[in-house]
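Below is one structure, written out as structure tokens; the observations come after it.
All chains are named by letter (A, B, ...) in the order of the sequence lines, taking the proteins before the strands, and each is independently numbered beginning at 1.
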There are 2 protein chains.
Amino acid sequence: MTPETIKVACSNCNLRELCMPVGLNRDELQKLDDVVSNRRKVAQGEPLYRNGDPFTSLYAIRTGFFKTSVASEDGREQVTGFQMAGEIIGLDGITSDRHNCNAVALEDAEVCVMPFANIEHLSREFPVLQRHVHKIMSREIVRDQGVMLLLGNMRAEERLAAFLLNLVQRLHARGFSRSELVLRMTRDEIGSYLGMKLETVSRTFSKFSEENIIEVKQRWVKILKPEALKKIFNPDSCN
Amino acid sequence: MTPETIKVACSNCNLRELCMPVGLNRDELQKLDDVVSNRRKVAQGEPLYRNGDPFTSLYAIRTGFFKTSVASEDGREQVTGFQMAGEIIGLDGITSDRHNCNAVALEDAEVCVMPFANIEHLSREFPVLQRHVHKIMSREIVRDQGVMLLLGNMRAEERLAAFLLNLVQRLHARGFSRSELVLRMTRDEIGSYLGMKLETVSRTFSKFSEENIIEVKQRWVKILKPEALKKIFNPDSCN
DNA sequence: CAGGATATTTGACCTGTATCAATGCGCCGA
DNA sequence: TCGGCGCATTGATACAGGTCAAATATCCTG
């Protein structure tokens, strides 16, 4: 094991097409290495941070899978997102210098720790990085608004179809299959994200399965008819 | 009309405790004046920007009331927020250099136009401003996640109670009554925001009214028992 | 000031999803 | 290899909120 493989380095990370370094040139990439202070492993089921924790850093996911969630004061949990390799989490903490949600690893994971002070410092020097940070935050806002549309307007089948299409699309961007996936989350967590009960999630999976749109076996899912899913998600896009 | 009243100037804007200038000192405030290129009036019902419009600027609301909304491809609209004086809109446009939602004035309004290039330029010079911009974006993310919790987990009464409490709290921060308000949006728009049908919104208003928690007459609402609303919104906070 | 368009309220009924409950599957540790 | 436990599936039933419809109130315009 050479020092290079141990040292934190965006400049030779294989996620650089998906993660913070998007669009940076070689020089800027070198500089970005300084932003990442170290890596941190998070075991399955363990929190990366919790609601109320002091905010210091953003995290770039190297490996593994996370969920973020908020809770109402009487304990109801809402999953606000599922994050995979190359995605940035922790943005919720900037407003109040404390985290405003929980981030829990759904499988053993490793993240790059990027102290936010470093990010701010460097993005004053590099407009490209500054712009990139702004885009990441804005993208999260747009994503959240898409979830609102889902939760506010769509029916169970539409929600699940949208969810599956979104997941598989993101996985495909990471080199995985376009049609097969292994869910890292429980039916309950899917339900929490989609605003439905776990039984409804299960029933909807079964329904899609009966209609030969997908094949399901517990956490393993194969998408047989992606167009059918798209049509459910967006009735107008038929043909 | 003196030149001063026409010239755009954060340094003597009466919203400076609520808007972009929060926490800036006199010097920084002077600089911030340069960020605002001009003002723009938007008549009731008119869009400030539309989904797909090129993104150039953020907007600080000086007067008036806006709604932002996204739409699914088959035309269903989801209101993603209501914005009032001192709030910043347009953040949705940063990711893709095009706006990703619609912003429509619900009453005659005036906004300060802040070209995003200016904001980025100046926030490279002033860490305080940089931090402030980041906080504004992060706050929007946290707000959106709160809406997800609302849409995913709460029942109609809880949603409307939360909505009213939030509105009246923001209005109070702007010097308005803590208990009386005039809704600037229709039942349909409230319903779209809260993920329920206009009839349900109306019924829920009537229910609160029968229980003497509020008094309603069309758009005019008086909150008689704020604690009762809080209790509905969060069953655990009772006493 | 009249008249039509728009927004709101209210009622009756229906449906999608929640709830409650039982069974089944699969993984992990002893 | 065998329990045991967490997760998933499936069924039966209930209910919150949606849908459809009609009456009423308000606002704008000519």
message: Taking side-chain hydrogen bond (donor to acceptor under 3.5 Å, both in side chains) as the definition, give me every residue that meets it alongside B/Ser96, ordered by chain and number, with sequence neighbours left out.
response: B/Asn100

message: For A/Glu157, give me all partners under side-chain contact (heavy atoms from CB on, under 4.5 Å), at least two apart in sequence or on another chain.
response: A/Thr204, A/Lys207, A/Phe208, A/Ile232

query: Which residues satisfy the side-chain contact (heavy atoms from CB on, under 4.5 Å) test with B/Arg203, sequence neighbours excluded?
result: B/Glu199

query: Touch check for B/Lys207, heavy atoms < 4.0 angstrom, all strands: base, sugar-phosphate only, or nothing?
result: nothing

task: List in chain and number order the residues that pass side-chain hydrogen bond (donor to acceptor under 3.5 Å, both in side chains) with B/Ser179, two or more places apart in sequence or in another chain; answer none if no residue qualifies.
output: B/Ser177

- request: For A/Asp108, check side-chain hydrogen bond (donor to acceptor under 3.5 Å, both in side chains) against everything at least two apart and list the hits.
  value: none

- request: Please list residues of residues 191-203 of chain B whose heavy atoms come under 4.0 Å from any atom in DNA chain C, ordered by number; otherwise none.
  value: B/Leu198, B/Glu199, B/Ser202, B/Arg203

field: With B/Ser72 via side-chain contact (heavy atoms from CB on, under 4.5 Å) - residues at least two apart
entry: A/Leu149, A/Met154, B/Asp74, B/Arg76

- prompt: Excluding sequence neighbours, so at least two apart, what forms side-chain contact (heavy atoms from CB on, under 4.5 Å) with A/Arg178?
  reply: A/His172

Below 3.5 Å, can you tabulate the donor-acceptor pairs from side chains in residues 215-228 of chain B to any protein atom, sequence neighbours excluded?
{"from": "B/Trp220", "atom 1": "NE1", "to": "B/Glu180", "atom 2": "OE1", "distance (Å)": "3.2"}

message: According to side-chain hydrogen bond (donor to acceptor under 3.5 Å, both in side chains), who are the partners of B/Asn51, at least two apart in sequence or on a separate chain?
response: none

- request: Kindly assign one of parallel, tilted or perpendicular to the pair B/Tyr193 and B/Phe82, based on the angle between their ring planes and the thresholds 30° and 60°.
  value: perpendicular

query: On DNA chain D, nearest-nucleotide positions of B/Gln44 versus B/Ala156: which is more 5'?
result: B/Ala156

- prompt: From the 5' end of DNA chain C to its 3' end, which nucleotides mark the outer limits of contact with chain B, defined by a 4.0 Å heavy-atom distance cut-off (strictly under)?
  reply: C/dA7 to C/dA12

statement: First and last nt of DNA chain D near chain A, cut-off under 4.0 Å to heavy atoms, 5' to 3', are D/dC7 to D/dA12

